[in-house]
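Take a look at the structure below.
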Number of protein chains: 2
Amino acid sequence: MNMDAIFKVLANPVRVRILTWLKDPDTNFPPMIHLPEEEKGKGYVCVGVIQEKAGVTQSTVSHYLNLMKQAELLSCKRIGQWTYYRRNEETLQTTADYIAKHL
Amino acid sequence: MNMDAIFKVLANPVRVRILTWLKDPDTNFPPMIHLPEEEKGKGYVCVGVIQEKAGVTQSTVSHYLNLMKQAELLSCKRIGQWTYYRRNEETLQTTADYIAKHL
DNA sequence: TGACCATATCGAAATAATGCGATATCTATG
DNA sequence: CATAGATATCGCATTATTTCGATATGGTCA
């Protein structure tokens, strides 16, 4: 796990907000109506609604999401013309543990 | 507590290393021979030895230490011509708790 | 296939962080 | 008070990040 990349992600408050919004997609985002039934309830949120809520341009949010994916804080799945991102709880957990232990 | 400033401190690997070195001054730094008896064992380390170990210039380490102090990750005490820095365990603890809970 | 929508990538300008050398400040001491 | 040592601050050049608009890509559907 690349802690360095993770801390760089966290150094930007918009990215941190996105990360926390994704903890509870149901209250922070509209329902993902194009998501197939079997993928629902897994925390997936498409780029467009994240962009709108974050208040940055489409290219910026795409860049941010990519950084977070490189750091393995998010994973994504493309379904149709949409890309859905969700938290990678394993990395988040490991990060929290690392900080508690080594910081 | 300013999480934003804290995450910015952590975004630099040299600063993170300094923070972790200060967890165990006895093994990471030479003894602070000018420190008065009553201040020993409190984790204080002077700027010079941190600079040497970090491998950056004096002005750079001073700047880093100041950023970490602003973020309340470190506190400092001037004794004689030396400034001694040590970890602020309270902030570190609160940070770890915050991350575990909100991230 | 062609128009359309969502997302990704590219290129560039603005802003911020990095990290240095030079200089200032502060403290001790002769 | 003059000097010396430790640290802080200043000014600046370099590099990285931010963030945008423009464009490319990839999927959908008539």
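Below, chain A is the first sequence line, B the second, and so on; all start at residue 1.
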Heavy-atom side-chain contact between A:I79 and A:H34 under 4.5 Å: no

Please state how far atom CD1 in A:I79 lies from atom P in C:dA8, giving the value in whole angstrom units. 13 Å

Check whether any side-chain N or O of A:R78 sits under 4.0 Å from OP1 or OP2 of C:dA8, and answer yes or no. no

Check the distance between C:dT18's P and B:R17's CZ and give it to me in whole angstrom. 13 Å

D:dT7, OP1 or OP2 - any side-chain N/O from B:S59 closer than 4.0 Å? no

Remember a base hit wins even if backbone is also touched, and classify B:T83 as base, sugar-phosphate or nothing at under 4.0 Å, heavy atoms. sugar-phosphate

Examine D:dT19: is either OP1 or OP2 under 4.0 Å from a nitrogen or oxygen in the side chain of A:T57? Give yes or no. no

What's B:T60 touching, base or sugar-phosphate or nothing? Going by heavy atoms closer than 4.0 Å. base

Can you tell me how far P of C:dT18 sits from CG of B:L65, to the nearest Å? 14 Å

Looking only at side-chain atoms of B:V56, point me to the closest of D:dT9, C:dC20, C:dG19. C:dC20

For B:N66 and A:L67, find the nucleotide of DNA chain D closest to each by heavy atoms; which residue's nucleotide sits nearer the 5' end? B:N66

Expressed as a whole number of angstroms, how long is the span from B:K77:NZ to D:dT7:C1'? 18 Å

Would you mind reading off the distance between A:L35 atom CG and C:dT7 atom P, rounded to a whole angstrom? 12 Å

So does B:Y85 get a side-chain nitrogen or oxygen closer than 4.0 Å to the phosphate oxygens (OP1/OP2) of D:dA8? yes

Is the shortest heavy-atom distance from the side chain of B:V45 to the side chain of B:Y84 under 4.5 Å? no

Between C:dC5, C:dT27, C:dT7, which one does the side chain of A:W82 approach most closely? C:dT7

Separation of D:dT17 P from B:D4 CG (nearest whole Å): 16 Å

Counting any heavy atom closer than 4.0 Å, what does A:Y84 reach on the DNA or RNA strands: base, sugar-phosphate only, or nothing? nothing

Length of the CD-C1' vector between A:Q81 and D:dT25, whole Å: 13 Å

Checking A:T60 against A:T57: is there a side-chain donor and acceptor pair closer than 3.5 Å? yes

Examine the base of C:dA8 for any acceptor or donor lying under 3.5 Å from a partner atom in the side chain of A:Q58, and report the outcome as yes or no. yes

Distance-only, no hydrogens or angles: does the B:R87 side chain make a donor-acceptor pair with backbone N or O of B:L19 under 3.5 Å? yes

If you check the A:R15 side chain, which of D:dT18, C:dT7, C:dA6 turns out closest? D:dT18

Spacing of B:H34 atom NE2 relative to C:dT27 atom P, expressed in whole Å: 17 Å

Between B:T94 and B:D97, do the side chains contain a donor N or O and an acceptor N or O under 3.5 Å apart? no

Ignoring backbone atoms, test whether B:N12 places a side-chain nitrogen or oxygen under 4.0 Å from the OP1 or OP2 oxygen of C:dT18. yes

Residue that, paired with B:S75, satisfies side-chain contact (heavy atoms from CB on, under 4.5 Å) out of B:E89, B:M68, B:R86, B:K69: B:R86

